[in-house]
Amino acid sequence: MKLYYFPESPNSSKVHAVAVHLNLSLELHFVDITQGASHTPEFLELNPTGRTPVLQDGDFVLWEATAIMQYLASQVPNTLYPGDRQIRADIARWQSWQLAHWYPACQTLTYENCLKGLLQRGAPDPQVVQTATARFHQEAIILDRHLAKQEYLVGTGLTLADFSVTGDLVYAVPGQFPLEEYPHIWAWYARIAALPDWQQTAPKL
Ligand SMILES: N[C@@H](CCC(=O)N[C@@H](CS)C(=O)NCC(=O)O)C(=O)O
């Protein structure tokens, strides 16, 4: 299987981490999105949205990190994505929340407080940061309360849900996420970030 990816992006690194965790061998293809490499005619044939990551398994091409993680985890029996219907639904719940609510909350802070400067697009907009911070708190409270009760998002062990939701915390420090009030999120993130597969694949900040 081939993975077209941009290693500095959590969307790519979380997919890569799952493959490493499951001992699945992937042929890695670096796509330099900073140089427009995800908008070439060849790449758009693979993914018309012009985004990474993309998985290619023979004739089957799959984009969207969450779908790719589920596909990879469906290749071999494992505890990241157990067969039990309710556990899978619970994982889907957190992955859906991540896509719909957590990612947008984190992404705006990452962009305003970190990427904008790196891309030389000016200073953070205080109004946007204020609105994004309020939105971040709204979601972080839910996550922190949940993690006060259990070590991992679903059941008692590590699952795809943890890889999905922690991905957005990779830029927590440069993105100045207001995480001081959320000790359970920090402790959980530290546990995931210490995993050898995460260490091997996480963006090098
Ligand atoms: N919802 C997509 C988001 C993918 C995405 O936004 N990828 C970014 C990197 S973080 C990208 O490749 N952007 C290139 C571009 O938009 O030109 C997923 O989960 O895979």
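For ligands, and for the atoms within them, numbers begin at 1 and follow the listed sequence.
Atoms OG and CD1, from S164 and I91 in turn, are 9.0 Å apart once rounded to the nearest 0.5 Å.
For ligand 1, the polar-atom distance check finds no N/O of T66 at less than 3.5 Å from any of the ligand's N/O atoms. Remark: ligand 1 and Y103 share no N or O pair separated by less than 3.5 Å (distance only, no angle test). At a 3.5 angstrom cut-off on N or O pairs, H39 counts as close to ligand 1. Residue A65 has at least one N or O atom closer than 3.5 Å to an N or O atom of ligand 1.
Side chain of E112 to backbone of D125: a donor-acceptor contact under 3.5 angstrom is found.
Within the listing of ligand 1, atoms 14 (C), 15 (C), 16 (O), 17 (O) sit less than 4.0 angstrom from a heavy atom of G50. Near S9, meaning under 4.0 Å from any of its heavy atoms, are these atoms of ligand 1: 9 (C), 10 (S). Taking a cut-off of under 4.0 Å to the non-hydrogen atoms of P53, the atoms of ligand 1 that pass are 20 (O).
Comparing heavy-atom distances from atom 3 (C) of ligand 1 across N47, V15, N11 singles out N11 as nearest. Between the choices T110, L62, I33, the shortest heavy-atom distance to atom 13 (N) of ligand 1 belongs to I33.
Between D168 and Q107, the side chains place no donor N or O within less than 3.5 Å of an acceptor N or O (distance only, hydrogens not considered).
Taking a 4.5 Å side-chain heavy-atom cut-off between Ile, Leu, Val, Met, Phe, Trp and Tyr, the cluster of Y4 extends to F6, F30, V31, I33, F43, L46, V54, V61, W63.
Ring to ring, F136 and W102 are close: their centroids are under 6.0 angstrom apart.
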